[in-house]
Amino acid sequence: MNSLIKQVASGSESSNSILIQDTVEHSGRHILRCFIKEIAKRVDEVHLFAFDRTPDALLAGSDPETRLKVTCHDGWTDPQGWNQASMTLCKHNLVRFTSDKDLIDHVVDTRRKESKVLAVVIDSLTPHIVHRTVPVTCRALHSLTHLPDKSDFQVQQVLSLLHRDVHDEAALRAIGHLSMTVISVSPNMSIAPLDAAPMGFCDILHKRSSGKVLRKREGYSICDDYRLLTFVDVQKTAERMEEEHQLDPTANLTFNLTLKDSERKAKENVVLPFTKVAENASRGSGQIFYEPDQADDYDDEDPDDDLDI
């Protein structure tokens, strides 16, 4: 069975806008780096907007071929324009929320003239939404994927990261509506090796250009070189792991807590003491008779006669 997330990452499953949603419990930045590596193989230039951390920290560990194709836009160093010296100190294109320039304007100003097919990666959309509201962010994403017909370049793909536990449902629906592929990541609490069990799960919503919508859940792991490992049939994998790791608490006891079939039948046939079962009673019904002992001296007139008051 083919992996949908691998098809989207490699480009065999077409998607011009991909949204990765994560939480504080499980970061989606690892899988974002895997996608950057795959996207760089298909396009002439990758424009990376870094809002959550510096571009150098985000590209740490990337191979030289990927780094050569990346043009960085620094939205972390001085996003509010408080440090006037940052314009000369920053070695990347500086992005400020106080400026009127949109994301597409930064791409146009810094694009290499020989680059015709581009990709845009945003890490992450959360600061952009917080500082510039949801409608402005939606308009910025729409402008990246809908360039004028006279443009001498095209943005083949827009890849964005979004922290879904920061925003409300209205914001998530608005951003998700603009995306052809929405990948929501969640953790998998396992201590098994990465190639034996997934480090996390991806709930994928993919909208094809034909109108067909695919929903799939896959497991994934990330190798040291940002190579993506996928687990397609995660339900069977989880059941197999549960069977392998399930412990029997009665395995090493010196006494037996379980009953054999013969012992269970004998236990069910035992008649409880002081109980008489009617001989002709039907199955499931019966009568209980109480026989008072000789020492019982019950007085209807004085129920408390046996008490020493």
Does one hydrophobic cluster hold both [X] and [Y], with members joined at side-chain heavy-atom distances below 4.5 Å?
X: Val46; Y: Leu59; answer: yes
X: Leu32; Y: Leu178; answer: no
X: Ile183; Y: Val158; answer: no
X: Leu162; Y: Leu159; answer: no
X: Leu58; Y: Val185; answer: yes

Can you see whether [X] engages [Y] through a side-chain donor-acceptor pair at a distance of less than 3.5 angstrom?
X: Asn188; Y: His26; result: no
X: Glu218; Y: Ser3; result: yes
X: Thr110; Y: Asn93; result: no
X: His167; Y: Thr126; result: yes
X: Gln157; Y: Ser17; result: no

For [X] and [Y], which heavy atoms make the closest approach, and how far apart are they?
X: Ser124; Y: Phe51; answer: O-CD1, 3.3 Å
X: Thr145; Y: Asn16; answer: CG2-O, 4.0 Å
X: Ala57; Y: Arg33; answer: O-NH2, 3.1 Å
X: Ile222; Y: His30; answer: CG1-CB, 4.0 Å
X: Cys202; Y: Tyr220; answer: SG-CD2, 3.3 Å
X: Lys69; Y: Ala40; answer: NZ-O, 2.7 Å

Looking at [atom1] of [X] and [atom2] of [Y], how far apart are the two atoms once the value is rounded to the nearest 0.5 Å?
X: Asn83; Y: Leu94; atom1: CG; atom2: CG; value: 9.5 Å
X: Leu161; Y: Phe35; atom1: CG; atom2: CZ; value: 11.5 Å
X: Ser186; Y: Phe201; atom1: OG; atom2: CZ; value: 6.5 Å
X: Gln7; Y: Thr230; atom1: CD; atom2: OG1; value: 9.5 Å
X: Lys207; Y: Ser15; atom1: NZ; atom2: OG; value: 9.0 Å
X: Lys91; Y: Thr54; atom1: NZ; atom2: OG1; value: 8.5 Å

*asked:* Pair Phe153, Asp44 - check side-chain contact (heavy atoms from CB on, under 4.5 Å), show working.
replied: CA-CA 10 Å; Phe153 69 95; Asp44 301 326; over 6 Å; no
_Could you work out, with side chain to side chain contact (heavy atoms under 4.5 Å, CB included) as the rule, every residue matching Pro64, not counting sequence neighbours?_
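Result, side chain to side chain contact (heavy atoms under 4.5 Å, CB included) vs Pro64: none returned.
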Less than 4.5 Å apart, any side-chain heavy atom of [X] and any of [Y]?
X: Val8; Y: Ile18; result: yes
X: Ile5; Y: Ile31; result: yes
X: Leu19; Y: Leu125; result: yes
X: Val232; Y: Lys216; result: yes
X: Leu205; Y: Leu214; result: no
X: Phe231; Y: Ser221; result: yes
X: His206; Y: Val213; result: no
X: Asp109; Y: His106; result: no

Is a side-chain donor or acceptor of [X] paired with a backbone partner of [Y] at a separation under 3.5 angstrom?
X: Asp102; Y: Asp105; answer: no
X: Ser10; Y: Lys6; answer: yes
X: Ser27; Y: Thr23; answer: no
X: His146; Y: His142; answer: yes

*asked:* Gln21 vs Ser184, test: side-chain hydrogen bond (donor to acceptor under 3.5 Å, both in side chains). Steps then yes/no.
replied: CA-CA 5 Å; Gln21 297 181 347; Ser184 300; 3.2 Å; yes
*Worked verdict on Lys41 versus Glu38 for salt bridge (Lys or Arg N to Asp or Glu O under 4.0 Å)*: CA-CA 6 Å; Lys41 299 176 182 178; Glu38 293 296 326; 3.5 Å; yes
*asked:* Working note: His47 + His73, criterion ring-ring contact (aromatic ring centres under 6.0 Å, His included); need CA distance, chi angles, decisive distance, verdict.
replied: CA-CA 7 Å; His47 285 259; His73 303 267; 5.1 Å; yes
Could you list the donor-acceptor pairs under 3.5 angstrom formed between side-chain atoms of residues 129-140 and any protein atom two or more places apart in sequence or on another chain?
from: His131; atom 1: ND1; to: Gln80; atom 2: NE2; distance (Å): 2.8
from: Arg132; atom 1: NE; to: Phe97; atom 2: O; distance (Å): 3.2
from: Arg132; atom 1: NH1; to: Lys101; atom 2: O; distance (Å): 3.3
from: Arg132; atom 1: NH2; to: Arg96; atom 2: O; distance (Å): 3.2
from: Arg132; atom 1: NH2; to: Phe97; atom 2: O; distance (Å): 3.0
from: Arg132; atom 1: NH2; to: Ser99; atom 2: O; distance (Å): 2.4
from: Thr137; atom 1: OG1; to: His128; atom 2: ND1; distance (Å): 2.9
from: Thr137; atom 1: OG1; to: Thr133; atom 2: O; distance (Å): 2.9

*When Leu118 is tested against each of Arg112, Gln154, Gln156, Glu45 for side-chain contact (heavy atoms from CB on, under 4.5 Å), which residue passes?*
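The option that passes is Glu45.
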*Is there a side-chain contact (heavy atoms from CB on, under 4.5 Å) between Ile20 and Ser160 once you walk through the steps?*
CA-CA 6 Å; Ile20 300 175; Ser160 306; over 6 Å; no
*Please say whether more than 12 non-hydrogen atoms of neighbouring residues, nucleotides or ligands are located less than 6.0 Å from CD in Glu114.*
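Yes - once you tally the heavy atoms of other residues, nucleotides and ligands closer than 6.0 Å, there are more than 12.
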*Heavy-atom neighbours of Asp168 CG exceed 12 at 6.0 Å*: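 Yes, CG of Asp168 has more than 12 neighbouring heavy atoms, counting only those of other groups under 6.0 Å.
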*asked:* With side-chain hydrogen bond (donor to acceptor under 3.5 Å, both in side chains) as the test, pick out the partner of Asp22 among His163, Arg29, Arg164.
replied: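 Single side-chain hydrogen bond (donor to acceptor under 3.5 Å, both in side chains) partner of Asp22 among His163, Arg29, Arg164: His163.
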*side-chain contact (heavy atoms from CB on, under 4.5 Å) between Leu229 and Cys223: does it pass, once the steps are laid out?*
CA-CA 7 Å; Leu229 299 178; Cys223 299; 3.6 Å; yes
_Could you go through Val182 and Ile204, starting from their C-alpha distance and side-chain angles, then the distance that decides it, and tell me whether this counts as side-chain contact (heavy atoms from CB on, under 4.5 Å)?_
CA-CA 6 Å; Val182 179; Ile204 311 166; over 6 Å; no
